[in-house]
Amino acid sequence: MKDCAEKDKIDILSMFPEEIEQMLGNEPRFRAGQIFRWLSNGACFEEMTNIPSSLRQKLADTCVIRTPKIKKKLVSSIDGTIKYLLELCDGVCVEAVYMVYEHGNTLCVSSEVGCRMGCRFCASTKAGLLRNLTASEILGEVLAAEADTKTRISNIVMMGIGEPLDNFENTVRFLRLVSHPDGKNISLRHVSVSTCGIVPKIYELAELGLPITLSISLHASNNKARGEIMPINSAYPIEALMGACRDYFEVTGRRISFEYTLISGKNDSFEAADELAELLLRSMTAKDGTRQPVHVNLIPLNRVDGNAMSRPDKERVNAFQRRLCSRGVNATVRRRLGPDIDAACGQLRIRDAET
Ligand code: SAH
């Protein structure tokens, strides 16, 4: 990690219009809105043609626009999915994945360089956490992908490298920036945030009332099994996590989705499916007996270099899904996009660092 280029300059892409206005001092009020709109469209200072050139020069002298550079790009010849390796101002890299769905163009973004959560099956956490991403760098992932694909991104999933709730402030700032009506204006209803289950932060997020979809990486149906693959479970065991999920739904009215990575021989038995169904149905029932809708996303494990864990075969995956459904839990198997450029999230970055 080298020093960030222009590290002493103001990180303007992380700023809301009111903050830009304050920074500009005596400029007319509408200038801040104009600049914010330009920034949200991926423009550099030079391109801000309705801003007087003296002000553009002043901005260029004092501020920096922290959009990552595309270092590598893998395009699937099967479904057009694109994996980006993005280089940040200090030379470190994160990944983003662009996917085309019927409901819109979706970008999976990273929130941290590395991760300190230590999930045993995950490539992103192998070398620990290097640093958080700024709000501008997360937003910059969206801008870089839009500029490269010449399309508009309408959906975002925070399921790339990092634990978004471990970088809480910048994640929330990013969510507010990307959904700002004068900016990208992406509806938060089209944004998912995935967490391994940092319980106090789930309560904090609920208080903010952002209409995002919260995804919980559950991956096991009891504390023993979960503790073996997710160290976070010793700090926040399943009961505490489920309590936070219930609260989240009660406060926000937004349904929670659960992710369950299927690992062969570890969490893919019918007993595990039954226990999972029982856990979710019990936990998601409120005191007055009303039950929240529960949805489980099954993710067959992506093999990570140097890790012995593997995915169950297709039949087992489908049988697990049917078993959950027969127990009253709605479950779907995540479609695998870009199988020809497959690299479990975080692997592209590791491989790049090794070459
Ligand atoms: N830190 C967040 C985002 C992580 S990535 C979280 O824990 O939710 C998004 C999802 O992919 C998580 O559910 C994560 O557990 C899962 N995942 C990570 N590595 C995987 C792998 N090798 N195969 C399948 N799913 C994986």
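One-based numbering, in listed order, for ligands and for the atoms of each.
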Visitor: Of the backbone atoms (N, CA, C, O) and the side-chain heavy atoms from C-beta on, which set of His219 has a member under 4.0 Å from an atom of ligand 1: side chain, backbone, both, or neither?
Guide: side chain
Visitor: With side chains defined as the heavy atoms from C-beta onward, is the minimum distance between Val157 and Leu107 less than 4.5 Å?
Guide: no
Visitor: Nearest to atom 4 (C) of ligand 1 by heavy atom, Gly160, Ser124, Cys108, Cys122: which?
Guide: Gly160
Visitor: Could you check whether any side-chain heavy atom of Arg66 comes within less than 4.5 Å of a side-chain heavy atom of Cys89, counting everything from C-beta outward?
Guide: yes
Visitor: For Gly162, take its heavy atoms, then give the atoms of ligand 1 lying under 4.0 Å from any of them.
Guide: 1 (N), 2 (C), 3 (C)
Visitor: Have a look at ligand 1 and work out which part of Asn302, if any, has a heavy atom under 4.0 Å from it: side chain, backbone, both or neither.
Guide: both
Visitor: Would you say Cys108 and Met99 make side-chain contact, with heavy atoms under 4.5 Å?
Guide: yes
Visitor: Of all residues at least two apart in sequence or in a different chain, which pass the side-chain hydrogen bond (donor to acceptor under 3.5 Å, both in side chains) check with Tyr84?
Guide: Asp148
Visitor: Please could you name the atoms of ligand 1 that Cys196 approaches to less than 4.0 Å, counting only its heavy atoms?
Guide: 6 (C), 7 (O), 8 (O)
Visitor: Identify, by atom number and element, the atoms of ligand 1 in contact range of Ser217, meaning under 4.0 Å from any of its heavy atoms.
Guide: 6 (C), 7 (O), 8 (O), 12 (C), 13 (O), 15 (O)
Visitor: Do side-chain atoms of Glu228 reach the backbone of Ala225 as a donor and acceptor pair under 3.5 angstrom?
Guide: no
Visitor: Would you indicate whether the side-chain heavy atoms of Tyr98 and Asn105 approach each other to under 4.5 Å?
Guide: yes
Visitor: What atoms of ligand 1 come within less than 4.0 Å of a heavy atom belonging to Thr261?
Guide: 24 (C), 25 (N), 26 (C)
Visitor: Counting only heavy atoms, which portion of Ile216 has something under 4.0 Å from ligand 1: side chain, backbone, both, or neither?
Guide: neither
Visitor: Does some side-chain heavy atom of Leu210 sit less than 4.5 Å from a side-chain heavy atom of Arg176?
Guide: yes
Visitor: Below 6.0 angstrom between ring centroids: does that apply to Tyr260 and Phe320?
Guide: yes
Visitor: Taking heavy atoms and a distance under 4.0 Å, where does Glu259 meet ligand 1: side chain, backbone, both or neither?
Guide: side chain
Visitor: I'd like to check which ligand 1 atoms, numbered from 1 as shown, lie under 4.0 Å from a non-hydrogen atom of Val304.
Guide: 22 (N)
Visitor: Can you list the atoms of ligand 1 that are under 4.0 Å from a heavy atom of Leu301?
Guide: 21 (C), 22 (N), 23 (N), 24 (C)
